[in-house]
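Right, one structure below, let's go through it.
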Amino acid sequence: MNVLIIGSGAREHAMCYFAAQNEGVQRVFVAPGNGGTALMGGKVCNVSLTAVALDDLLQFALDSDVDLTIVGSEAPLELGIVDLFRRAGKKIVGPTQAAARLESSKVFSKEFMQRHHIPTAGYHVFHDAFSANAHIESTLKHYPQVIKASGLCAGKGVFIVFDKEQAKSVIRELFEKRIFGDAGNEVVIEEFLPGEEASVFALTDGTRYRLFLSAQDHKRIGDGDTGKNTGGMGAYAPAPLVTPEVMQRVEELIIQPTLKGMRDEGSPYTGFLYVGLMINRGEPFVVEYNARMGDPETQVVLPLLKSDFITALQASVEGTLDDVPFEMHRRSAATVVIASGGYPDHYETGKAITFADELSVLDGCLVFHAGTALDAGHLTTSGGRVFSVTALGESLRESIDRAYRAVEKIGFEGAVYRKDIGAKAL
Ligand code: AMP
Ligand code: GLY
């Protein structure tokens with residue numbers, strides 16, 4: 001069979017790597033892919049179509065006999081790629097446009113959680129600056145508070161504010177300066193949840209679901225969780241915070257009611273469901289849903305899946321998820337992201353990349369590319385996050401140490417990475 005993976009990050013490189021391991025898979029196409037997927041060779045082949053060129057992607061899938069398509073990132077989901085492929089009789093892993101609103105509309109997801117009594121922060125929704133400011137003046141007594149643009153903002157639409165002035169300034173940015181355009185037309189102001197964050201990922205056919213291991217991301221650019229928010233600077237799995245008891249609470253209080261709620265409302269949720277959690281004294285609360293796998297979390301949870309990835313995905317689109325194995329390795333994984341200097345603000349690209357020779361012999365390491373390009377045989381940087389270097393180990397400590405040993409062997413001008421990935425869990 002032939003597989004098409006849509007996206008260009010380290011998450012999609014990891015998906016290509018594990019898809020290619022299935023012996024029944026003849027071709028793995030990745031659109032548009034990156035320098036790392038270009039270097040894979042064998043079954044894997046980059047296709048120069050962007051992730052949002054929906055009609056072209058469908059035409060490619062039809063012309064190239066693609067049997068299964070996997071959507072990596074949220075943008076094509078919000079545009080309705082799953083509806084489009086299904087109408088054409090093509091199998092695809094992901095939620096429909098209506099179901100993807102769990103991620104693409106924070107207002108939808110908050111109201112959905114309220115309707116179904118799913119634990120999350122209390123909130124109010126605003127459509128204009130006047131009513132938001134009135135709420136800030138008259139109702140808000142305790143800080144911090146969290147202000148969120150409702151639409152997709154590439155992870156940048158969330159502001160934690162510590163006083164009234166900051167709150168009003170964010171409201172001005174969203175409604176008057178319109179820094180996120182239409183994605184900021186609706187705004188959520190919600191309670192700040194104390195606790196520790198972790199993420200849980202499910203693969204579902206709408207009714208049945210299977211869980212990957214939990215993971216913890218590192219969203220800030222700087223060590224000790226300082227500086228600006230990024231797409232994610234590293235992750236590890238499993239997250240010790242998510243004990244079997246917590247996982248059971250997450251299933252009963254969050255995953256099951258979410259799937260049932262979506263079915264009852266006529267938009268069954270299919271594909272990957274990412275639940276971003278705040279865990280406070282063993283009690284989970286939903287911070288956000290994402291309609292896809294996480295990046296960099298995929299780079300730690302997929303290597304820990306012992307069962308075949310493609311077999312599970314096929315079962316999820318055929319409604320036979322209960323009949324396939326979905327077992328995990330009893331190991332740990334860590335991934336460290338190497339970014340371009342200046343990221344998440346302005347950064348330069350086109351830097352030559354060098355690998356120390358010993359990298360190829362570092363046992364248990366997987367170097368997933370994100371912002372790299374292969375130009376006439378030369379690998380150069382082409383994005384903010386450039387690599388996600390994953391290592392497995394018998395313990396978290398071992399996987400972290402291994403990942404950092406590999407990171408030190410990769411070089412390009414201005415490269416930056418966090419030195420404390422996983423430190424919190426040790
Ligand atoms: P989101 O894009 O909704 O995941 O938010 C980005 C980050 O903001 C989260 O990973 C949390 O660290 C933080 N955050 C969002 N909502 C809350 C909340 N209600 N309480 C505390 N922190 C939050
Ligand atoms: N790592 C956060 C995300 O994928 O949204």
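Note that ligands are numbered from 1 as they come in the structure, with each ligand's atoms numbered from 1 the same way. All values below were derived from every heavy atom in this structure, side-chain atoms included, with hydrogens, water molecules and symmetry-related copies excluded.
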Of all the non-hydrogen atoms in the protein, which one sits nearest to [atom], and at what distance?
| atom | answer |
| --- | --- |
| atom 22 (N) of ligand 1 | Met278 CE, 3.7 Å |
| atom 14 (N) of ligand 1 | Val287 CG1, 4.0 Å |
| atom 13 (C) of ligand 1 | Ile160 CD1, 4.1 Å |
| atom 20 (N) of ligand 1 | Leu193 N, 2.7 Å |
| atom 5 (O) of ligand 2 | Arg292 NH2, 2.9 Å |
| atom 16 (N) of ligand 1 | Lys148 NZ, 3.0 Å |

Look only at the side chain of Thr96 and the backbone of Ala99, and say whether a donor-acceptor pair between them is shorter than 3.5 Å.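 Yes.
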Below a 4.0 angstrom heavy-atom separation, can you tell me which part of Glu191, side chain or backbone, both or neither, approaches ligand 1?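 Answer for Glu191: backbone.
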Going by an N to O cut-off under 4.0 Å, is there a salt bridge joining [X] and [Y]?
| X | Y | answer |
| --- | --- | --- |
| Lys148 | Glu288 | no |
| Glu186 | Lys106 | no |
| Glu398 | Arg402 | yes |
| Asp67 | Arg27 | no |
| Asp401 | Arg397 | yes |

Sub-6.0 Å ring centroid separation between Tyr269 and Phe112: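 For Tyr269 and Phe112, the ring centres are not under 6.0 Å apart.
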So for atom NE2, which belongs to His135, do other residues, nucleotides or ligands contribute more than 12 heavy atoms lying within a distance under 6.0 Å?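 For His135, atom NE2 is crowded (more than 12 foreign heavy atoms under 6.0 Å).
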Go through ligand 2 atom by atom and flag the ones less than 4.0 Å from a non-hydrogen atom of [X].
| X | result |
| --- | --- |
| Asp295 | 1 (N), 2 (C), 4 (O) |
| Gly294 | 4 (O) |
| Asn290 | 5 (O) |
| Gly231 | 1 (N), 2 (C) |

Closest to atom 12 (O) of ligand 1 (judged by heavy-atom distance), picking from Lys219, Glu190, Glu197: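 Considering heavy atoms of Lys219, Glu190, Glu197, the nearest to atom 12 (O) of ligand 1 sits in Glu197.
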Proximal candidate to atom 8 (O) of ligand 1 [heavy atom criterion; set Thr120, Val158, Asn290, Ile147]: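 Going through Thr120, Val158, Asn290, Ile147 one by one, Val158 has the nearest heavy atom to atom 8 (O) of ligand 1.
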Polar contact flag for Asn229 and ligand 1 (N/O pairs, less than 3.5 Å):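 Between Asn229 and ligand 1, no N or O pair is found under 3.5 Å apart.
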Ligand 2 contact on Glu74 by region, counting heavy-atom pairs under 4.0 Å: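 The answer is neither; Glu74 stays 4.0 Å or more away.
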Are Phe309 and Gln21 side-chain neighbours, meaning at least one heavy-atom pair lies under 4.5 Å?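 No - every pair of side-chain heavy atoms lies 4.5 Å or more apart.
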Measuring from the heavy atoms of Gly276, does anything fall under 4.0 Å of ligand 2?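 Flag not set, Gly276 not near ligand 2.
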Step by step, would you call Tyr209 with Glu251 a side-chain hydrogen bond (donor to acceptor under 3.5 Å, both in side chains)? CA-CA 10 Å; Tyr209 65 91; Glu251 287 191 63; 2.5 Å; yes
Any N or O of Asp217 closer than 3.5 Å to N or O of ligand 2: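 So ligand 2 has an N or O lying under 3.5 Å from an N or O of Asp217.
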Quick one: do Met278 and Asn280 satisfy side-chain contact (heavy atoms from CB on, under 4.5 Å)? Show the steps, please. CA-CA 6 Å; Met278 192 68 82; Asn280 191 4; 5.6 Å; no
